K.L.:
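This is the structure, below, for whatever I ask next.
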Number of protein chains: 2
Amino acid sequence: MAKKKTSIKDIAKSLGISITTVSFILNGKAKEKRISEELTLKVEEYIKEVGYKPSHLAQSLRLGKSKVIVFMVEDISNQFFASIARKIEEKAYKNGYKIIYCSTDNDPEKAKALIDTFKVRSVDGFIITPTPALESTVLELLEEEFAVLLFDRWIPSIDCSYVVVENEKSAFEATSHLIQNGCKNIGFITVESDQIQMIDRLKGYSYAMESNGLKKNVFMLPFHNLSELGASSKIQQYLQKNSELDGIFFATNYLAFEGLQALNSLKKRIPEDVLLVSFDDHYFFTLFQPNISAIEQPLESIAEKLMEGMLMLLEDDGSSKPDFKVTLPNILHIRESSDYKK
Amino acid sequence: MAKKKTSIKDIAKSLGISITTVSFILNGKAKEKRISEELTLKVEEYIKEVGYKPSHLAQSLRLGKSKVIVFMVEDISNQFFASIARKIEEKAYKNGYKIIYCSTDNDPEKAKALIDTFKVRSVDGFIITPTPALESTVLELLEEEFAVLLFDRWIPSIDCSYVVVENEKSAFEATSHLIQNGCKNIGFITVESDQIQMIDRLKGYSYAMESNGLKKNVFMLPFHNLSELGASSKIQQYLQKNSELDGIFFATNYLAFEGLQALNSLKKRIPEDVLLVSFDDHYFFTLFQPNISAIEQPLESIAEKLMEGMLMLLEDDGSSKPDFKVTLPNILHIRESSDYKK
DNA sequence: TATTTTTGATAAATCCTTTTAGCAAGATTC
DNA sequence: GAATCTTGCTAAAAGGATTTATCAAAAATA
């Protein structure tokens, strides 16, 4: 019953003036459009009185801009993505944008279907962690002049804005850290994935090992359903077969968690028996005894750059060729006591 | 340049027929509206050919339904809320709904401002973890006939649908578990908050203690900025002052994490020196050595009920008085070896 | 043959804005 | 006094759909 919203038409009728006038006043164009100050004040007062707010839907339809950004990630419940979600939210709202989220599970079909749905919704922009085989879909978006910003990983084959971190460099540093602390046999535990950030982490590890004349030892777990698969026991088997390992570099924090379980079962001591370092820092690494060294991705900077880039792309008038490519440095947290050497 | 989308008008013009006819066919009303099968097929084929999809914006404007649900929680980066977000997402999308999220930080002003913004956006429904002092705002929403579903906590003073868990009962059970295992001095560590779920947890603890003739010992931390505040050291001080404690019940998992740090600093052994249990289960509790007992909220059921309720409210035609009030049981995971007694 | 029914479609209103083009009255200019 | 400018405001189109009311032609009935 209170459901009927007042529209601009109601305002106009009540005051006995035209819709146009009300609209001009609402949009701050009273001066420019030569509406008398007297009338302007009267209308503004009335609007405040009845608490009128223009329908965003109608505005979007008319203006062709919905002020909605899609945040499409692999899994919104993942701590990393959820944290970014939280941080971009504030910045988006501050600029009048809303965020719709969705998770792809890294499934290209799902991602494509989602993107299709959103095109129809006339969203303005997409922040995407691309799944494999998404080149053509992203290209389509760009051709249709949506604002598109990739993050976490990018697509080398297409010219699209992105915000990523220095995966290779940080992996190199982390591996070097292990080497400097006396590790000779360092295992790299990762997942089978052709995601570029995982490839880069492997590259960084490989380069550090090769530069120091050490033999690489890479263990790859299948990408999907890690926990159901018993990743922990798989890692345990790997560690048993490779008992000479004195250092382990985990490519992601969830792998490290599984690895910690395995190490615990094997009664391996950290750092005495084996030195660890993990990509993706996590609160738990400082809670765990002993603390675990890790590479922290700069969440705040990532979020900041994401919104900065997105706003730039959104405000682009088509005259310039928008380009926003950012690679951010990570922070390596060394958590062994500083004088620890093997 | 590819930006111009085809509209229903374009379709009609291209085929030399009226918009109405196209619309009827699009909405599966061809039969009902006596459009010849021949024409129907022709139109359907053409639509597929040009890949036309109706504008959701225009539909929303016309129909007064946007198919958008707002998911307003305290903090979307919190693992609990992020997990729920992930689970309701699937169910929502399956039913043609999209989800916009936002975080209130439990700040009433922020929550009110957000709700105001969303009203304008003509969203259809709200899933809300209410902040304090939100009664009147929620009431307004109900009066304006939005679908509103509270969760995690509810507002006793107003008649609004909700999905919550059995906080008091589970807290009672967890405390009883500690008592049964020989604890005599059980501390309850919680935050200063008048959120009903926190009050209920305290009630459950209190009731268990009183029923067993034990003396209560409650420690309340300020609600805001727990980590900056050095919650861990505050808890440590509390534990030192109350060295007789042989059991601790943490009201939330983040309190437990801080508590674990404190216990570690004090070199307290678990479960030998002190037995623990925490509300809100977490992956870490099984990773941590020893495993920590905890009360698991049934995420899957919560999400399921949330969407079930939301869809019910959304499809409500106003004839019946919609009412969806669900209280779900939790699962207490005992993780001490089963024969452990103090 | 005249009338009624059925068939197959459509015109136009509506949802709520924004914005272009224009109009009447008063003020200036020559 | 006639022509031009300003001022203050508005009509109407557009944006893309849905839906009610209507209509002409063909078919059925009387």
Side-chain angles (χ1 to χ4, degrees), chain A residues 3-44 46-47 50-68 96 119-124, chain B residues 3-44 46-47 50-68 96 119-124:
Chain A
K3 184 76 181 182
K4 178 72 180 69
K5 303 271 269 181
T6 47
S7 74
I8 194 170
K9 198 194 282 179
D10 302 326
I11 306 277
K13 197 183 289 176
S14 300
L15 293 173
I17 58 179
S18 82
I19 292 178
T20 313
T21 308
V22 181
S23 178
F24 284 152
I25 293 171
L26 276 168
N27 296 15
K29 296 185 180 166
K31 280 254 154 51
E32 178 190 341
K33 298 291 179 180
R34 298 190 303 259
I35 308 296
S36 67
E37 205 162 322
E38 192 193 341
L39 184 54
T40 305
L41 253 59
K42 183 172 150 199
V43 172
E44 281 171 347
Y46 184 76
I47 283 170
V50 298
Y52 164 78
K53 295 271 163 55
S55 151
H56 231 284
L57 231 42
Q59 286 185 148
S60 300
L61 179 61
R62 175 65 231 232
L63 299 175
K65 298 273 161 221
S66 62
K67 290 248 161 189
V68 169
K119 280 194 199 169
V120 172
R121 292 245 165 193
S122 18
V123 303
D124 295 344
Chain B
K3 185 76 178 179
K4 178 73 178 68
K5 302 271 268 181
T6 47
S7 75
I8 195 170
K9 199 194 280 178
D10 302 326
I11 305 277
K13 198 184 286 175
S14 300
L15 293 173
I17 57 178
S18 82
I19 292 178
T20 314
T21 307
V22 180
S23 177
F24 284 152
I25 293 171
L26 276 168
N27 295 24
K29 294 184 181 167
K31 280 254 155 51
E32 180 191 340
K33 297 291 180 179
R34 296 192 303 260
I35 309 295
S36 68
E37 206 162 318
E38 193 193 338
L39 185 55
T40 305
L41 252 59
K42 183 172 149 195
V43 172
E44 281 172 346
Y46 184 77
I47 284 170
V50 299
Y52 164 77
K53 295 270 165 52
S55 152
H56 231 285
L57 229 44
Q59 287 185 147
S60 299
L61 178 59
R62 175 64 232 238
L63 300 175
K65 299 273 161 218
S66 63
K67 290 247 158 190
V68 169
K119 279 193 198 170
V120 172
R121 291 246 166 195
S122 19
V123 304
D124 295 343

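First the proteins, then the strands, lettered A, B, ... as listed; each starts at 1. None of these values were measured; they are calculated from a predicted model.
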K.L.:
Would you kindly compare A:Ser36 and B:Lys9 by the position of their nearest DNA chain D nucleotide and give the one closer to the 5′ end?
P.N.:
A:Ser36

K.L.:
In whole Å, what is the span from the CD1 atom of A:Ile47 to the P atom of C:dT17?
P.N.:
10 Å

K.L.:
Counting only side-chain nitrogens and oxygens, does A:Tyr52 get under 4.0 Å of the OP1 or OP2 atom of C:dC16?
P.N.:
no

K.L.:
Measure the distance from NZ on A:Lys67 to P on C:dT17 and round it to the nearest whole Å.
P.N.:
17 Å

K.L.:
Tell me: NZ of B:Lys5 to P of D:dA17, nearest whole Å?
P.N.:
10 Å

K.L.:
Between D:dA14 atom P and B:Leu57 atom CG, what is the distance in whole Å?
P.N.:
19 Å

K.L.:
Report the distance from atom CD1 of B:Ile35 to atom P of C:dT10, rounded to the nearest whole Å.
P.N.:
7 Å

K.L.:
Nucleotide by nucleotide, 5' to 3', does protein get under 4.0 Å of the base (B), only the sugar-phosphate (S), or neither (-) in nucleotides 19-26 of chain D, counting heavy atoms?
P.N.:
BB------

K.L.:
Figure out the CD/C1' separation between A:Glu38 and D:dC9, and round it to whole Å.
P.N.:
13 Å

K.L.:
If you look at every strand shown and take non-hydrogen atoms under 4.0 Å, does A:Leu39 touch a base, only sugar-phosphate, or nothing?
P.N.:
sugar-phosphate

K.L.:
Nearest whole angstrom, please: distance from the P of D:dT18 to the CG of A:Leu61.
P.N.:
12 Å

K.L.:
Calculate the interatomic distance between B:Lys42 atom NZ and C:dA9 atom C1'; express it in whole Å.
P.N.:
13 Å

K.L.:
Using the side-chain heavy atoms of A:Ser55, tell me which of these nucleotides is nearest: C:dC16, D:dT18, D:dC9.
P.N.:
C:dC16

K.L.:
Please state whether the phosphate of D:dG16, meaning OP1 or OP2, lies under 4.0 angstrom from any side-chain nitrogen or oxygen of B:Gln59.
P.N.:
no

K.L.:
Kindly indicate, with the supporting measurements, whether the criterion side chain to side chain contact (heavy atoms under 4.5 Å, CB included) is fulfilled by B:Tyr52 and B:Ile8.
P.N.:
CA-CA 8 Å; B:Tyr52 164 77; B:Ile8 195 170; 3.7 Å; yes

K.L.:
With heavy atoms under 4.0 Å as the rule, sort A:Ile17 into base, sugar-phosphate or nothing.
P.N.:
sugar-phosphate

K.L.:
Taking all non-hydrogen atoms of both residues into account, name the closest pair between B:Gln59 and B:Pro54 and its distance.
P.N.:
OE1-CB, 3.7 Å

K.L.:
Between B:Glu37 and B:Ala58, which residue's closest nucleotide on DNA chain C lies nearer the 5′ terminus?
P.N.:
B:Glu37

K.L.:
Restricting to non-hydrogen atoms, name the atom on B:Ser66 and the atom on B:Ser60 that form the minimum distance, rounded to 0.1 Å.
P.N.:
CA-OG, 3.4 Å

